[in-house]
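Step one of this worksheet: look at the structure below.
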Amino acid sequence: MIESYIKSGKLASKIRDEASKMIKEGTLVIDLVEYVESEILKTGAQIAFPCNVSLNEVAAHYTSPANDQTVIHAGDMVKLDLGAMIDGYIADTAVTVIAEGNVSENYTQDEINLHEEIVEASAAGLEAAIATVRAGIEVSKIGAAVHEAISEYHLNPIFNLAGHSLEQNNLHAGISIPNYDNHDNYVLDEGQAIAIEPFATNGEGIVNDAPGQYIFSYMANKPFRMKTTQKVLKYIQHNHAYVPFSGRWITSEFGERKGNIALKQLSEAMAIYPYAPLREKQDCFVSQKEHTVIVEKEGCTVTTI
Ligand code: MN
Ligand code: MN
């Protein structure tokens, strides 16, 4: 088990670092996303969730739909969040990169400075969090460490986003790792795997659902009159019963029109759960950094370093 966590962590980290180099002026988001997903599959590992590439004020849960024309501009705050799994043991890791290029064409020097601080703050939050992790610690203490580190930059964490426990084939296994002191006195145990993911912003620190649905999870079997919808549900049950999947994977299998109609019907019937992109309430920029760690007696092992 631990070996599989270490293995998936190593390869997720390598792919994250390689893919980060693609984050520059002119890169299509879909090229970045497809690079990451194909690299994971090439190693023989599985994709734990669609590669998320969320820009600027979008904190999370954006992945490209088919034929996505979204392009990265110089100076954009690009959050790359990816997951790989081996035997169901998941590595979940994210990094924020300010896109290279002629940044001053799109942003003022003051904005550039602020954006760099926002990126640093989530990294500092993650570092502070990791330093507190050991068997016996309350999860609210981790959150307090994140909040304190980000506050030093006079910025806010995203209060309504959290890290999470990981279990075999289970990306969000029930325990939340908050980004502030939420008074949750749940105590971590030796051997537990958790993903810690501080987000930092110059806004209020709340995210709301934005339009569009690109990532889904299987929920329950339901009867459907429409043949394609039934077929798509069977396909999801067979291929994506445990971890989230991309609408793009469905449309590439069933065609854009048919696939999207089926996804809509399945969502409405709650056979699948659609995740909306999450946007900062005040439209302020958001950064994120994430590692997966295994809790130990006197500390933790970071699998995605
Ligand atoms: Mn993640
Ligand atoms: Mn995560």
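In each ligand, atom 1 is the first atom listed, and ligand 1 is the first ligand listed. Heads up: numbering here begins at 1 and tracks the sequence.
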Could you identify the N, O or S atom of Glu197 positioned closest to the Mn ion (ligand 2)? OE2
In Asp92, the N/O/S atom nearest the Mn ion (ligand 2) carries the name OD2
The Mn ion (ligand 1) as vertex, arms to OD2 of Asp81 and OE1 of Glu290: angle to 10°? 100°
Kindly indicate, with the supporting measurements, whether the criterion side-chain contact (heavy atoms from CB on, under 4.5 Å) is fulfilled by Glu167 and Ile90. CA-CA 8 Å; Glu167 280 172 20; Ile90 298 169; over 6 Å; no
Thr93 vs Thr292 side-chain heavy atoms within contact, under 4.5 Å: no
ring-ring contact (aromatic ring centres under 6.0 Å, His included) between Tyr62 and Tyr214: does it pass, once the steps are laid out? CA-CA 7 Å; Tyr62 183 85; Tyr214 310 102; 4.9 Å; yes
Heteroatom test (N, O or S) for His164 near the Mn ion (ligand 2), limit 2.8 Å: yes
What is the ring orientation for Tyr180 with Phe159, classed by angle as parallel under 30°, tilted 30 to 60°, or perpendicular over 60°? perpendicular
